[in-house]
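Not measured: the values here are computed from a predicted model. Note on naming: letters A, B, ... go to the chains in the order of the sequence lines (proteins, then strands), and numbering restarts at 1 for each one.
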Number of protein chains: 2
Amino acid sequence: MMEEIQLQDISIDSFFEKYELKFKAIADKKRLQIMNILTQKGAMCVCDLAPLVDMAQSKLSYHLKILLEANIITKETRGTWSYYELNQEELNHLLSHELCCVFKPFC
Amino acid sequence: MMEEIQLQDISIDSFFEKYELKFKAIADKKRLQIMNILTQKGAMCVCDLAPLVDMAQSKLSYHLKILLEANIITKETRGTWSYYELNQEELNHLLSHELCCVFKPFC
DNA sequence: TTAATTAATCAAAAAATTTTGATTTAAGTA
DNA sequence: TACTTAAATCAAAATTTTTTGATTAATTAA
């Protein structure tokens with residue numbers, strides 16, 4: 001019984017942690033701008049994205065990693081290039097329909 | 001023309017800032033827990049909420065202020081008590097329908 | 001092969017957020 | 001009136017996040 005309650009607590013706790021991670025990822029002006037650009041342009045590599053968001057490469061890679069680890073975007077490597085794309089499915093689970101067109105693709 | 005472009009930039013910039021503020025407010029395990037409790041219990045005062053989230057009063061007041069400033073919750077003062085309640089309308093604009101029952105009331 | 005490009009990672013510095021404990025203000029209670 | 005309770009605010013400390021610039025590894029191009 002004790003264990004049951006504890007398990008419940010642990011699971012609700014990790015549930016909140018999961019959403020903390022996701023909301024934290026999108027809780028940033030620059031990362032929202034990145035999402036907005038990916039909404040409009042589809043998949044992009046770091047070197048093409050960098051000038052659009054006016055960011056140094058290492059800084060952009062840092063922000064992309066945050067979004068990637070929250071599953072907000074996906075990554076596909078081709079040669080030396082890394083192509084990043086919005087994860088539409090994930091965003092649909094997360095955001096209101098209203099936020100389509102701005103932070104979600106094809107809505 | 002220059003001005004038009006600048007105005008556009010400023011407005012899209014403040015648009016991202018607005019959502020940064022809101023997502024930042026909900027991008028926290030403890031604040032999500034607060035929202036979850038308010039979802040279940042409706043309006044609550046700080047002194048009743050504090051033991052439920054196992055937080056000192058000043059800490060809880062700090063987190064409530066973050067949510068209040070993002071318009072995620074509302075506040076009504078009665079005597080010495082402050083009653084906080086989820087802002088259902090705001091959350092509907094922000095979050096997916098899926099996140100109802102967890103972070104949004106009456107869905 | 002050599003040089004250049006792409007992007008990830010690292011450590012240190014800078015900046016922002018959160019926690020803590022105390023103080024303050026206001027309102028209720030004996 | 002004096003005492004207690006509720007909650008906001010404050011400053012300092014602690015913690016977390018972000019930025020910066022350099023380095024590294026892998027791939028492409030000359």
Using only side-chain N and O atoms of A:Ser61, determine if any of them is under 4.0 Å from OP1 or OP2 of C:dA8. yes
Here the gap from A:Thr74 atom OG1 to A:Gln88 atom CD, rounded to the nearest 0.5 Å, amounts to 11.0 Å
Euclidean distance, atom NE2 of residue B:His63 to atom P of C:dT17 [Å, nearest integer]: 13 Å
Find the distance B:Arg78:CZ to C:dG28:P and express it as a whole number of Å. 12 Å
Check the phosphate of C:dT9 against A:Lys65, side-chain N and O only, distance under 4.0 Å to OP1 or OP2. Yes or no? yes
Separation of B:Ile66 atom CD1 from D:dT9 atom C1', in whole Å? 14 Å
Hey, what's the ring geometry for A:Phe103 with B:Tyr19, parallel, tilted or perpendicular (30° and 60° as the breaks)? perpendicular
Distance-only, no hydrogens or angles: does the A:Arg31 side chain make a donor-acceptor pair with backbone N or O of A:Ala25 under 3.5 Å? yes
Kindly say if B:Lys30 contacts the phosphate of C:dT18, meaning a side-chain N or O under 4.0 Å from OP1 or OP2. no
On DNA chain D, more 5' by nearest nucleotide between B:Cys45 and A:Lys59 is B:Cys45
Rounded interatomic separation in angstrom, taking OH from B:Tyr62 and C1' from D:dA7: 17 Å
In terms of side-chain heavy atoms of A:Ser82, which of D:dA26, D:dA6, C:dA7 is nearest? C:dA7
In whole angstroms, the gap separating C1' of D:dT24 from CD of A:Gln57 amounts to 11 Å
Tell me which of A:Trp81 and B:Val46 sits closer to the 5' end of DNA chain D, going by the nucleotide each one is nearest to. B:Val46
Integer-rounded Å distance: C:dT6 C1' and A:Tyr83 OH: 10 Å
Calculate the interatomic distance between A:Glu69 atom CD and C:dA8 atom P; express it in whole Å. 12 Å
A:Ser58 vs C:dC10: side-chain N/O to OP1/OP2 distance below 4.0 Å: no
Phosphate OP1/OP2 of D:dA8 contacted by B:Tyr84 side-chain N/O (<4.0 Å): yes
Main chain of B:Glu17, side chain of A:Lys29: is a donor-acceptor contact present, judged purely on distance under 3.5 Å? no
Is there a side-chain hydrogen bond (donor to acceptor under 3.5 Å, both in side chains) between B:Asn92 and B:Lys104 once you walk through the steps? CA-CA 7 Å; B:Asn92 284 335; B:Lys104 297 159 73 175; 3.2 Å; yes
Gap between atoms CG and P, on B:Leu60 and D:dT5 respectively (whole Å): 18 Å
Which is true for B:Lys29 with a 4.0 Å heavy-atom rule: it touches a base, it touches only sugar-phosphate, or it touches nothing? nothing
